[in-house]
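Atom set for the values below is all heavy atoms of this structure, side chains included, hydrogens, waters and symmetry mates excluded.
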Number of protein chains: 2
Amino acid sequence: MDTKSLIIDVATNLFQQKGYKGVGLNEIIKACNISKGSLYHHFPNGKEELLIACLQLLNEEITKDIVEIFERYPTTREAAEAMISKLVENFEAEGTLTGYTFSSIVSEMASLSEPVRNACAQLYQKIQAIYMEKLLADGFTKDKANAIALMMTASIEGAMLLCLTQKEAEPLKIISQLLPKML
Amino acid sequence: MDTKSLIIDVATNLFQQKGYKGVGLNEIIKACNISKGSLYHHFPNGKEELLIACLQLLNEEITKDIVEIFERYPTTREAAEAMISKLVENFEAEGTLTGYTFSSIVSEMASLSEPVRNACAQLYQKIQAIYMEKLLADGFTKDKANAIALMMTASIEGAMLLCLTQKEAEPLKIISQLLPKML
DNA sequence: AGTTAAAAACAGACCGGTTGGTATGGTGGA
DNA sequence: TCCACCATACCAACCGGTCTGTTTTTAACT
């Protein structure tokens, strides 16, 4: 893997675990076994540029993952259940939700940096769009589909937060059980 | 107001806006017009002790606010709608949700500090308990009430995140419209 | 009530360490 | 020869935290 991709990969993980301010450049370059010069060669505008690159990678990865699941199952209900159970598995195995959430970055940076806020907004938008497409295929009206897609995004994101604080996967499981009621 | 309360008050605001790592002690003491010695007199164990004190204050304030609303309205549905519309008003007036959320602290610190994680877990628990009590009064079974209370907590918290990233109050509004469906 | 000593509250200089960021120089391949 | 790529040394600014010393409040005793 080329150096730039390596940096993005490692930094994405660290940012998700510890938040933006919680990770120093020194920590990143040590984890990558590279030098500071190398990092600033690939990201001349420094840490924030790197963060945005990470958010873009995350965007692609999360989107790809969700799209795949939503293509495999016939209805929104089944797809959502499969998606959440995958989240639960991941959480119970690793104790984190790395790769699926970026709430720490949102709440840290949304009010501090417009570019970062925008990148996060796009990511949520993309996820929501996937849900919505499936909901439309299920026969919902545009308005209904939009509202339900938003509800799904919000409740899943919120449930992730609850799982992290409680160190239990139950919140996600309960959300999964309750989702059909909205459909 | 005594110095200690002042510190907690100012720090709570700053932490909510910029996250834990995003606020330095120097920024806090400057905003309070006090000295470092004074801060460490009241919080000898430093920044983390201060944060936990802030979370406890937040706990009381949020709880008090929610309880008041839930006492004023006869059903969970009406109370929840009133509560969310208050959030919306606050967000549209000030552009922030200070005083109502602490997701930045959760996602930043949950994996780094057990005491902080615990304080956050307690806060969520308390909020959920208020919802649940009302739901039981509405006639739901214990299991149903528990599940719905969790769903409410998660979706509202998630909607706040979405509002912050989008700079719009719509997510909260839509959640409010959709909540009756679950009841 | 007046004196005094202890304790609480506060001030600010200072510490080692780390932060994000820069400047310069080397190296290998085209 | 040139340039992308990387390494190193270095910087000012800031971090959380400690230190010593001063002011202010409290309480006890005569």
Side-chain angles (χ1 to χ4, degrees), chain A residues 1-57 104-105 108-117 119, chain B residues 1-55 57 104-105 107-117 119:
Chain A
M1 186 188 295
D2 62 302
T3 306
K4 187 167 184 175
S5 303
L6 173 70
I7 297 174
I8 295 178
D9 218 61
V10 169
T12 301
N13 259 288
L14 289 173
F15 283 149
Q16 282 188 283
Q17 282 172 36
K18 308 187 179 186
Y20 180 66
K21 307 248 182 188
V23 184
L25 292 184
N26 290 320
E27 188 177 352
I28 295 173
I29 63 174
K30 191 180 286 180
C32 293
N33 255 324
I34 58 163
S35 68
K36 205 168 255 186
S38 180
L39 196 157
Y40 269 86
H41 170 73
H42 293 289
F43 303 96
N45 293 111
K47 199 184 179 187
E48 187 165 317
E49 185 185 352
L50 170 58
L51 171 63
I52 291 179
C54 290
L55 287 174
Q56 278 162 1
L57 173 73
S104 61
I105 295 158
E108 248 189 288
M109 300 291 293
S111 61
L112 299 179
S113 162
E114 267 303 297
V116 173
R117 190 191 61 78
Chain B
M1 184 188 297
D2 62 303
T3 306
K4 187 167 183 175
S5 303
L6 173 70
I7 297 174
I8 294 177
D9 219 59
V10 170
T12 301
N13 259 288
L14 290 173
F15 284 150
Q16 281 187 284
Q17 282 173 34
K18 308 188 179 185
Y20 180 67
K21 307 246 181 186
V23 184
L25 292 184
N26 291 318
E27 188 177 352
I28 294 173
I29 64 174
K30 191 180 289 179
C32 293
N33 254 323
I34 59 164
S35 68
K36 206 166 254 187
S38 182
L39 195 157
Y40 270 87
H41 169 74
H42 294 288
F43 303 96
N45 293 110
K47 201 184 179 186
E48 188 165 318
E49 184 185 352
L50 171 58
L51 172 62
I52 291 179
C54 291
L55 288 174
L57 172 74
S104 61
I105 294 157
S107 35
E108 248 190 288
M109 300 292 290
S111 61
L112 298 179
S113 161
E114 268 302 298
V116 173
R117 189 190 63 78

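Taking atom CG on Leu51(B) and atom C1' on dG16(D), their separation rounds to 14 Å, with Å as the unit. Taking atom CE on Met109(B) and atom C1' on dG16(D), their separation rounds to 13 Å, with Å as the unit. Nucleotide dT24(D) holds its P atom 18 Å from the CG atom of Asp2(B), rounded to whole Å. The nearest whole Å value for the distance from the CG atom in Leu6(A) to the P atom in dC5(D) is 14 Å. Distance Ile29(A) CD1 to dG21(C) P: 13 Å, rounded to the nearest Å. For the pair Lys30(B) NZ and dG12(C) C1', the interatomic distance rounds to 14 Å; values are reported in whole Å.
Across all non-hydrogen atoms, the minimal contact from Cys54(B) to Ala11(B) is SG-CB, 3.7 Å. Scanning both residues, Ile29(B) and Asn26(B), for their nearest heavy atoms gives CG1-O, 3.2 Å. Listed here is the closest heavy atom pair of Ser5(A) and Asp2(A): OG-OD1, 2.7 Å.
The shortest distance between the side-chain N/O atoms of Thr3(B) and the OP1/OP2 oxygens of dC10(C) is below 4.0 Å. At least one side-chain nitrogen or oxygen of Asn26(B) sits closer than 4.0 Å to the OP1 or OP2 atom of dC15(D).
When the shell of 6.0 Å around NZ of Lys18(B) is examined, it contains 12 or fewer heavy atoms from other residues, nucleotides or ligands.
Between the side chain of Lys47(B) and the backbone N or O of Tyr20(B), at least one donor-acceptor pair lies under 3.5 Å.
Axis angle, first five pairs versus last five pairs of the helix from dA1(C)-dT30(D) to dA30(C)-dT1(D): 0°, rounded to 10°.
Using a 4.0 Å cut-off on heavy atoms, the residues of residues 33-50 of chain A that approach DNA chain C are Lys36(A), Tyr40(A), Gly46(A), Lys47(A), listed by number.
One distance of note links CD1 of Ile52(B) with CZ of Phe43(B); it measures 11.0 Å at 0.5 Å rounding. Atom OG1 of Thr3(A) and atom NE2 of His41(A) lie 9.0 Å apart (nearest 0.5 Å). If you take CG on Asp9(B) and CG on Leu57(B), they are separated by 6.5 Å, rounding to the nearest 0.5 Å.
Ion pairing between a basic and an acidic side chain is recognised when a charged N comes within 4.0 Å of a carboxylate O; Arg117(A) and Glu114(A) show such pairing.
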